[in-house]
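One structure below.
Note that the coordinates shown come from a computational prediction; the quantities given were computed from them, not determined experimentally.
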Amino acid sequence: MSVVVFGGTGGLGQAICRDFARQERKVAFTFRSARAAAEALAQSLTVENLHAAVDLGDVAAAATFVAMVREKFGRIDAVVYASGPDIPQQYVGDITPGQWRATFDADIYGFINVVQASLPVFRAQKSGALIALTTAATRHYPPRDALSAVPKAAIEQLVVAIAKEEGRHNIRANCVAPGMIAAGLGQRMMARDYSADVGEAFKKAVPLRRFGTAEEIAAVVTFLASAGATYISGQTIVVDGGWQL
């Protein structure tokens, strides 16, 4: 079996690639500019793999990479969207139109390009799993997180549409919505935008009294791509330690 992870060099993306590799799935992943991290990840994986720099803002880039993976691996069983821009934490009234446009272009249209590249392959195979990482903020909104939550809400609705319309082709689509995770963008955001006291307050708001790990997110993603999840579609699984309650 083989999988494609768009955004494989991020904190969550790397954990997802490694978890798939532990399950002996061939892994293809993309990166934007972190070539050194991509090469290190590729060398660490214990399965056949390939990687390439892909700008998801380029309509043809995702399709070109998917075609390359299909040619090398023969089929693609799952596609994971683990990409997205590193955004500042700002109040809605302080976000400029340019920031909204740039974030939508990078996140929503980036995901749309992944969908456009993946669906023809899945239809031809008569099977496939699409999994998008979103955010728990679409369920439990923290102030200053609109640049993350708004595009991810759109992605979640598009995933529902895919599940509803493409199920006849045996295509499944689901989201995994992380809460506060001590890795990747979440970790950088906490270090850059909040004081240690605010970080501790966030942690105390989580019933499990801790932030999640990249490996805990990866475990849910790889489950949704597995034979154990073949009747799960159109869902958003929130992985936040109970923060939304």
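The main-chain N or O of T213 is found under 3.5 Å from a side-chain atom of E216 such that the two form a donor-acceptor pair. Formation of a donor-acceptor pair under 3.5 Å by the N49 side chain with backbone atoms of V27 is not found in this model. With hydrogens and angles ignored, the 3.5 Å screen pairs no side-chain donor or acceptor of Y109 with any backbone N or O of N113. For the pair E166 (side chain) and R172 (backbone), a donor-acceptor distance under 3.5 Å is absent. At distances below 3.5 Å, not a single donor-acceptor pair connects side-chain atoms of T30 with backbone N or O atoms of A52. In this structure a side-chain-to-backbone donor-acceptor pair under 3.5 Å is present from D240 to Q244. Using modelled atom types, one side-chain atom of N174 and one backbone atom of G234 make a donor-acceptor pair closer than 3.5 Å. Side chain of E39 to backbone of A36: no donor-acceptor contact under 3.5 angstrom is found.
No continuous path of hydrophobic side-chain contacts links V59 to I108 [ILVMFWY only; heavy atoms under 4.5 Å]. One hydrophobic cluster, built from ILVMFWY side chains closer than 4.5 Å, holds both V79 and V115. The hydrophobic cluster containing V238 does not contain I217, counting ILVMFWY residues as joined when their side-chain heavy atoms lie under 4.5 angstrom apart, directly or transitively. Using a 4.5 Å cut-off between side-chain heavy atoms of Ile, Leu, Val, Met, Phe, Trp and Tyr, with links allowed through other members, L41 and V47 fall into the same hydrophobic cluster. Cluster annotation: M1 is not connected to I232 through the hydrophobic network of ILVMFWY side chains, with a link wherever side-chain heavy atoms come within less than 4.5 Å.
For W243 against H140, the heavy-atom pair with the smallest separation is CH2-O, 3.0 Å. When every heavy atom of Y141 is checked against every heavy atom of A146, the shortest pair comes out as OH-N, 3.0 Å. Contact record, D107 with P151: OD2-CB, 3.9 Å, taken as the closest heavy-atom pair. Across A177 and A136, no two heavy atoms sit closer than the pair CB-N, 3.8 Å. For L224 against A129, the heavy-atom pair with the smallest separation is O-CB, 4.2 Å. In plain terms, the two heavy atoms of A137 and A149 that are nearest each other are CB-CB, 3.9 Å.
Summarising the geometry, atom CG belonging to D94 is positioned 12.5 Å from atom CD belonging to Q89; distances are rounded to the nearest 0.5 Å. How far CD1 of I181 is from OG1 of T135: 9.5 Å, rounded to the nearest 0.5 Å. For the atom pair CG (L130) and OG (S233), the distance works out to 9.5 Å, reported to the nearest 0.5 Å. Rounded to the nearest 0.5 angstrom, C175 SG and L133 CG are separated by 8.5 Å. To the nearest 0.5 Å, atom CD of residue Q235 and atom CD1 of residue I131 are 13.0 Å apart. Separation of atoms CE (M68) and CZ (F73) is listed at 9.0 Å; rounding is to 0.5 Å.
In this structure, F122 and N170 have side chains that are not in contact, with every pair of non-hydrogen atoms separated by 4.5 Å or more. Using a 4.5 Å cut-off on side-chain heavy atoms (C-beta onward), R32 and V54 make no contact. Looking at heavy atoms from C-beta onward, V121 lies in side-chain contact with V66 at the 4.5 angstrom threshold. Looking at heavy atoms from C-beta onward, V3 lies out of side-chain contact with I76 at the 4.5 angstrom threshold. Looking only at side-chain heavy atoms (C-beta outward), V160 and E156 stay at 4.5 Å or farther from each other. In this structure the side chain of T64 never reaches within 4.5 angstrom of the side chain of D58, judged on heavy atoms. The shortest distance between side-chain heavy atoms of V239 and V176 falls below 4.5 Å.
The aromatic rings of H51 and F29 lie parallel to each other, their planes meeting at an angle below 30°, with 60° marking the opposite boundary. Relative orientation of the F6 and F65 rings is perpendicular, given thresholds of 30° and 60° on the angle between their planes.
The residues E215 and R22 are annotated as not salt-bridged, no charged nitrogen and carboxylate oxygen being separated by less than 4.0 angstrom. Salt bridge annotation for E48-R25: absent, with no cationic side-chain nitrogen under 4.0 angstrom from a carboxylate oxygen.
In this view, R18 satisfies the salt bridge (charged side-chain N to carboxylate O under 4.0 Å, His left out) rule with no residue, not counting sequence neighbours.
Checked against the 6.0 Å centroid threshold, Y81 and F111 count as a close aromatic pair.
Side-chain polar atoms of Q23 and T222 form a donor-acceptor pair below 3.5 angstrom. S127 and R75 form a side-chain donor-acceptor contact under 3.5 Å, judged by distance and modelled atom types alone.
Atom CZ of R101 has 12 or fewer heavy atoms from other residues, nucleotides or ligands within 6.0 Å. For R210, the CZ atom sits in a packed shell: over 12 heavy atoms of surrounding residues, nucleotides or ligands are nearer than 6.0 Å.
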